[in-house]
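In what follows, a single structure is set out as structure tokens and then discussed.
Naming convention: chains lettered A, B, ... in sequence-line order (proteins, then strands); numbering from 1 in each chain.
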Amino acid sequence: MITTIAWRNIWRNKTRSLVIMTSVALGLWAGAFIAALYWGMGQERMRIAIENEIAHLQIHAPDFTLEFARIPAIHNATQLTAQVAAMKEVKAVSARAIAMGMLATATGSAGIQINGIEPNAEAATSQLKSKLTEGTYFESKKTNTALIGAKLAKKLKLKLNSKVVLTFQDKEDNLVSAAFRIEGIYQSYNTALDERNIYVPITTLNNLLGLQQQAHEIAILLHSDELTPVVKATLAAQNQDLKVQDWKEISPETGLILSTMGQASMVFVVIILLALAFGIINTMLMAVLERTREIGVLMALGMNKLKLFAMILTETFMLVMVGCPFGLLLAWGVIQLLSEKGIDLTNIAGQTMQDFGFSNVIYPGLPANQYLQIVILVVITAIVSAFFPAIRALRLKPVEAIRG
Amino acid sequence: MDTVIDVHNISKVYNPDTIPVYAVNNVHLHVDRGEFTALVGPSGSGKTTLLNILGGLDHPTSGTVVINGIDITNLSSNKLIDFRLHNIGFVFQSFNLIPVLTARENVEFIMLLQNVPKKERNQRVIALLNEVGLSDKMDVRPAQLSGGQQQRVAVARALASKPQFILADEPTANLDSASAFNLLDIMAKLNREENMTFIFSTHDQRVIERARRVITLVDGSIASDTAQTKTD
């Protein structure tokens, strides 16, 4: 009967109830949409990190660090790369030779990371070929060609076929310089990386470094993210003298961005729910004050405080739960639509997004558990919001309430 | 006779620290089972306050109220609510039915609070609404009932909990003559046939004439307490 009374009470003032139900629906939609936007940005950043920069896993020598001028190498890199490529979980694998050095032109210079790559393997692992905006992708018959990032090219006023001199230390700590022609200019989603990285054929770089059949880094792209821990464990067990790391270990900042995005979206959701809570409190307080006499009668007749509390709580809960499905449906519809079309921020953000390693197009998305999380938060908001009006009702004295 | 209400020396004082106002002043009262008693007196004489105290809706400033052998004076508000549920029926001047419930649900509601089994509830609701002549209005909400019909539902509701007695505060005040007589007939019949105790405050001469005992309050005190031989 308490449920019946609560349900019918909701419809005593249809306009007011519909307004609050609409508020709940819009609040839920807004909360879910913001969460989806942040989740989409986080996922996009993660995808860029995995598919364009780091890959799922990387293998290095145990004392590998980019801080050394002479970076420790993996000695059996060619054999290991072939072994990894044969694993069914592996989509692509790329062995990279790395040297930290200096790029000099007639007009300027810059500190850079020189990446020696096997072009086809790298194209499959980090989609480097697809990022090319000018020139060709190692199609020249010359061996001393390089791909340079658009931002660095602009900074040093380099064009296709411009000549650059790369200087770095070989494995004997000798300073080595070599001239390269710019064969192509690329632009990735991360302008900071574009400014720092240039790509040359691995055979050319290894010859200059004095390495044979060696590499400094083996990047491994898997068929799915979920395979990462399993493949990592397998490779770590098979190569105990090497360091096998996943993308979160290699790029902790990406993991941090993901968790920060999650926290930021929750802050927005909480702000929205807080506003919603005040709406609910206002509505329910009005409902209680309007029904003072009725509540007094219920208490006079023998409805105890627990049941009265339950009635007001049920009423609030119902009010919110009617709006909830509409909000969820609206949120789901909009998110589904935009997850396919994407939101292009080029006109608003310009290059800013790419400066921070994000794509200009955001594809919002929200996993089912986050929808559930938001619904739970809305329900908690409803229950907490009902407390104040319910306590107000409990404090009424029947004799005064009946008198009105 | 079986005593239902035993009131000793009760007073209700408002503003005791400034200018004391005695709404009820040193009242002694015994009501036996089966009485049909009218509380009369001018406005402000303390009728409603006394009824509220008898009904456990208000606490006296001093004195004791014993209902059916239980001293309710110092019961906690939760225990009082439970006591009211099982011992006292109320009929209010403004009917005070729950507007979102039908006549049937309004009567059934009390029994639900008492956890009466569904089958017994249904039988009793039908019997009670039949008794007050509203068997054809069971599924109608209060707004669609006349004042007289609403008050009859209120009487059925008051009876639903099988109370020790029914307190009625000016039950006919908002009714036309025909409805008032009809209601009085029902109350008198219940009193006569089921030995239900009724105590009602009233200004209405028609009600006073039907009472078997008339207690007159003046300035919060009992000015007279007379038995009437001429009843319904």
Side-chain angles (χ1 to χ4, degrees), chain A residues 1-18 283-284 286-319 322 390-404, chain B residues 12 23 48-60 76-102 104-116 118 121 141-143 154 157-158 160-163 166-167 169:
Chain A
M1 187 70 86
I2 284 176
T3 320
T4 309
I5 295 177
W7 176 251
R8 291 183 190 168
N9 275 338
I10 289 175
W11 302 108
R12 284 166 84 163
N13 191 328
K14 285 195 183 82
T15 311
R16 192 171 61 200
S17 294
L18 285 172
T283 302
M284 287 311 297
M286 290 275 284
V288 166
L289 292 176
E290 278 175 8
R291 299 209 304 267
T292 299
R293 178 192 287 255
E294 200 176 305
I295 290 167
V297 170
L298 289 172
M299 290 168 95
L301 294 177
M303 187 185 234
N304 63 33
K305 291 185 175 183
L306 190 69
K307 283 180 178 152
L308 186 63
F309 190 81
M311 186 183 82
I312 291 169
L313 218 64
T314 309
E315 201 171 316
T316 315
F317 186 75
M318 284 175 167
L319 200 61
V322 170
I391 289 168
R392 184 79 188 242
L394 294 186
R395 283 188 179 158
L396 290 173
K397 290 181 178 164
V399 68
E400 290 167 8
I402 293 168
R403 207 181 291 143
Chain B
K12 179 72 183 179
T48 300
T49 307
L50 182 57
L51 275 188
N52 287 338
I53 291 171
L54 295 179
L57 295 173
D58 206 354
H59 289 280
S76 67
S77 66
N78 268 336
K79 283 187 176 166
L80 260 180
I81 288 174
D82 195 52
F83 184 85
R84 285 197 298 267
L85 175 63
H86 292 95
N87 293 280
I88 307 170
F90 290 94
V91 176
F92 301 98
Q93 180 181 338
S94 307
F95 327 130
N96 287 339
L97 298 175
I98 309 300
V100 293
L101 299 181
T102 62
R104 173 203 292 271
E105 288 166 339
N106 262 287
V107 177
E108 190 184 2
F109 179 62
I110 301 292
M111 288 184 277
L112 262 166
L113 294 177
Q114 290 179 316
N115 297 319
V116 174
K118 189 175 170 61
R121 280 199 321 260
R141 288 200 189 180
R157 180 177 70 179
S161 65
K162 297 185 178 171
I166 289 176
L167 295 173
D169 188 10

Side chain, backbone, both or neither of [X] within contact of chain A (heavy atoms, under 4.5 Å):
X        : answer
B:Phe92  : side chain
B:Ile110 : side chain
B:Asp82  : neither
B:Ser94  : side chain

Side chain to side chain, [X] and [Y], heavy atoms closer than 4.5 Å:
X        : Y        : value
A:Arg12  : B:Val100 : yes
A:Met299 : B:Ser77  : no
B:Glu105 : A:Ile5   : no

Query - Taking every non-hydrogen atom, the tightest pair across B:Leu57 and A:Pro398 - result: CD2-CB, 4.0 Å
Query raised in the report: Is the number of heavy atoms from other residues, nucleotides or ligands under 6.0 Å of A:Arg392 CZ greater than 12?
Result: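 No, the 6.0 Å shell around CZ holds no more than 12 heavy atoms from other groups.
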Requested in this report: Determine, stepwise, if the pair B:Arg141 / A:Arg8 fulfils side-chain contact (heavy atoms from CB on, under 4.5 Å).
Outcome: CA-CA 12 Å; B:Arg141 288 200 189 180; A:Arg8 291 183 190 168; 3.3 Å; yes
Under 3.5 Å, which donor-acceptor pairs link side chains of residues 307-316 of chain A to any protein atom two or more places apart or in another chain?
unit_1: A:Thr314; atom_1: OG1; unit_2: A:Ala310; atom_2: O; d: 2.4
unit_1: A:Glu315; atom_1: OE1; unit_2: A:Asn9; atom_2: ND2; d: 3.3
unit_1: A:Glu315; atom_1: OE1; unit_2: A:Arg291; atom_2: NH2; d: 2.8
unit_1: A:Glu315; atom_1: OE2; unit_2: A:Arg291; atom_2: NH1; d: 3.3
unit_1: A:Glu315; atom_1: OE2; unit_2: A:Arg291; atom_2: NH2; d: 3.3
unit_1: A:Thr316; atom_1: OG1; unit_2: A:Ile312; atom_2: O; d: 2.7

Inter-residue atom distance [X].[atom1] - [Y].[atom2], 0.5 Å rounding:
X       : Y        : atom1 : atom2 : result
B:Asn52 : A:Ile402 : CG    : CD1   : 7.0 Å
B:Leu80 : A:Asn304 : CG    : CG    : 13.0 Å
B:Asn96 : A:Leu301 : CG    : CG    : 8.5 Å
B:Ile98 : A:Thr4   : CD1   : OG1   : 12.5 Å

Report summary line: Per-residue tally against chain A (heavy atom, under 4.5 Å) across B:Arg157, B:Glu108, B:Gln93 peaks at B:Arg157
Requested in this report: Without swapping roles, check the side chain of B:Arg84 against the backbone of A:Ala300 for a donor-acceptor pair under 3.5 Å.
Outcome: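 It does hold such a pair.
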